[in-house]
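Take a look at the structure set out below.
Since the model is a prediction, treat every value here as computed from it, not as a measurement. Below, each value reflects all heavy atoms present in this structure, side chains not excepted, and no hydrogens, waters or symmetry copies.
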Amino acid sequence: MPGGRLSDQEREQIATGLVDGLGFAEIARQLGRPTSTVSREVARNGGAAEYRADQARTSTWARARRRKPVFHPAASPPADQHGRDPRSMTDFAGQFAELMVRTGVPRMAARVLTALVTADSGSLTAAELVRQLAVSPASVSKSVAYLEGLELVRREREGSRGRERYLIDDDVWLQTWMTSARTNQMLAETAQRGVEVFDRATPTGARLAKMAQFFAQLSDDMTGGGLTESVLRDVLTVLAALVHAARPLTVAELSTALDWSPERVAEALRNADQRPDLAGPVAVLRLADGAFVAGAAPDRLTPAQRDALNSS
C-alpha cells in the first residue's frame with residue numbers, strides 16, 4: 001500500500017535506482033509510492049550518496065524499537081505556605097491574563113502583569129519572570145516597557161549596582177482610572193475644537209459635537225464631577241488617618257499628624273462629606289464637639305444590624 005511501511009525489497013529497489021542515477025520521482029513511480037515517501041526514506045538514512053538498503057533496514061528497526069516516553073499524571077502539588085491550592089492559583093492567573101488580553105493588552109504583557117499582581121510581594125525581577133513564565137529575557141523586557149507606558153509597572157533598583165525589580169504600586173488602579181479619565185477629557189476637548197473647525201450646523205460638526213459631549217460626560221462621571229487625583233488622595237488619606245487613630249480627631253490634630261495645613265485638612269473633610277461614595281463602607285462622621293471620626297457609612301447597615309452589633 002502507498003501509505004504502508006517500506007519492505008526490504010522496496011529498499012533494495014531504491015538503492016538500485018539511486019545507483020542508476022534515477023530521481024526520487026521515477027523511483028517512486030516504479031514502486032507505486034508517493035515521491036515524499038522515497039525522499040524521506042533516503043534523507044533519514046544518509047542521503048542519496050550514502051543510502052544502503054541494509055543500513056536503512058537496521059535504522060528503521062532501531063527507531064521502531066525505541067521506547068516511547070511514558071507520561072504519568074502529575075501528582076497534585078502541595079499547598080503553599082499560606083495553605084492555598086497551587087492549581088487554583090494557576091487557573092486564576094490564566095483567567096486573569098486572558099481577561100487582560102480581551103481588553104487589548106498584548107498576551108505577553110498580560111502574563112507579566114498577572115505574575116506581578118499575583119505575587120505576594122507585588123514585585124519580581126527579570127530573572128524571576130523569565131523563570132516563572134518560561135520566556136526569553138527580551139520578551140520580559142519588551143512587556144515591562146509596554147506596561148510602564150501604561151503606568152501600571154515601575155522599576156526599582158536593589159542597591160547602587162543591584163538588579164532591577166518590577167513593582168505594582170498599591171494605588172496603580174487609581175492612577176490608571178485617573179489616566180483614563182484624563183484621556184477622555186482630551187478626546188472631548190479635541191472633538192470640541194473639531195466642532196469649531198467644521199461648524200456645528202454641518203453633519204461632521206454635529207457628529208463631533210455629540211462625540212465631545214459623550215467623552216466630557218464620561219470623564220466627568222469617572223472623576224466625580226471635577227474630582228482630581230490629588231483631591232481623591234487627600235480624602236483617602238484623611239480616612240486612613242481616622243481609621244488608624246481609632247478615636248475622634250480635630251482638624252488641628254489631623255493637621256499636626258499629617259503635616260498638612262488646616263485648610264487642606266478641612267478641604268479633604270469637606271470633600272469626604274460631599275462624596276460619601278469615595279470611601280465605600282467607611283465615612284467621615286462629625287461629632288457634636290467638632291471632632292471627626294471614621295465610622296460605617298449610614299446606608300451600609302440596617303438599624304437591626306447596628307443594634308445586633310452593638311449588643312454583641
Side-chain angles (χ1 to χ4, degrees), residues 1-78 85-118 124-150 166:
M1 292 179 63
R5 182 176 297 177
L6 289 169
S7 67
D8 293 345
Q9 182 180 0
E10 286 175 316
R11 290 192 174 90
E12 292 290 351
Q13 287 182 257
I14 290 175
T16 300
L18 293 172
V19 171
D20 292 342
L22 300 180
F24 292 158
E26 177 60 24
I27 295 173
R29 188 186 64 76
Q30 293 179 4
L31 295 176
R33 293 276 192 170
T35 303
S36 59
T37 299
V38 176
S39 63
R40 282 197 303 268
E41 167 71 12
V42 174
R44 69 165 63 105
N45 291 289
E50 302 293 333
Y51 185 83
R52 300 292 183 271
D54 56 343
Q55 293 179 358
R57 180 171 58 253
T58 301
S59 297
T60 301
W61 180 82
R63 285 193 294 268
R65 295 269 301 179
R66 193 173 299 152
R67 290 176 61 88
K68 298 290 190 297
V70 178
F71 296 97
H72 299 284
S76 297
D85 178 21
R87 290 190 185 279
S88 297
M89 293 190 293
T90 299
D91 289 344
F92 171 80
Q95 295 167 6
F96 188 91
E98 189 60 34
L99 176 61
M100 293 295 101
V101 171
R102 290 179 183 177
T103 64
V105 178
R107 186 167 298 277
M108 191 65 246
R111 294 183 64 197
V112 170
L113 178 63
T114 299
L116 291 170
V117 168
T118 56
L124 293 168
T125 65
E128 289 170 335
L129 284 167
V130 166
R131 186 165 52 252
Q132 179 175 330
L133 302 178
V135 296
S136 68
S139 295
V140 169
S141 178
K142 182 177 179 180
S143 297
V144 168
Y146 174 85
L147 294 171
E148 281 185 308
L150 297 179
Y166 307 126

Rounded to the nearest 0.5 Å, what's the gap from CD on Gln95 to OG1 on Thr90? Could you check? 11.0 Å

Which distance, rounded to the nearest 0.5 Å, do you find between the OG1 of Thr37 and the CG of Leu31? 9.5 Å

Mind running side chain to side chain contact (heavy atoms under 4.5 Å, CB included) on Val105 and Leu113 for me, showing each step along the way? CA-CA 10 Å; Val105 178; Leu113 178 63; 5.6 Å; no

Separation of Met100 CE from Glu98 CD (nearest 0.5 Å): 10.5 Å

Considering non-hydrogen atoms only, spot the tightest contact between Phe92 and Thr118 and give its length. CE2-CG2, 4.0 Å

Spacing of Leu129 atom CG and Ser139 atom OG [to the nearest 0.5 Å]: 11.5 Å

dist Ser39:OG -> Arg44:CZ (nearest 0.5 Å) comes out at 9.0 Å

Whether the side chain of Glu50 engages the backbone of Gly47 through a donor-acceptor N/O pair (distance < 3.5 Å, no angle test) should be reported. no

Please name the residue in the list Leu124, Thr125, Val140 that meets the side-chain contact (heavy atoms from CB on, under 4.5 Å) test with Val130. Val140

Considering all heavy atoms of both residues, which atom of Arg111 and which atom of Leu133 are nearest to each other, and what is their separation? NH2-O, 3.0 Å

Test Val112 against Tyr146 for side chain to side chain contact (heavy atoms under 4.5 Å, CB included), laying out the working first. CA-CA 10 Å; Val112 170; Tyr146 174 85; over 6 Å; no

Lys142/Met108 under side chain to side chain contact (heavy atoms under 4.5 Å, CB included): CA gap, chis, key distance, verdict: CA-CA 9 Å; Lys142 182 177 179 180; Met108 191 65 246; over 6 Å; no

Residue pair Ala110 / Ala97: nearest heavy atoms and the distance that separates them: CB-O, 3.6 Å

List the steps and the verdict of side chain to side chain contact (heavy atoms under 4.5 Å, CB included) for Tyr51 and Arg11. CA-CA 9 Å; Tyr51 185 83; Arg11 290 192 174 90; 3.5 Å; yes

Interatomic spacing from OG1 in Thr35 to CZ in Arg40 - rounded to 0.5 Å: 10.5 Å

If you look only at distance, which donor and acceptor atoms sit under 3.5 Å apart when one is on a side chain in residues 19-29 and the other is two or more places apart or in another chain?
residue, atom, partner, partner atom, Å
Glu26, OE1, Arg29, NE, 3.2
Glu26, OE2, Arg29, NH2, 2.6
Glu26, OE2, Gln30, NE2, 3.3

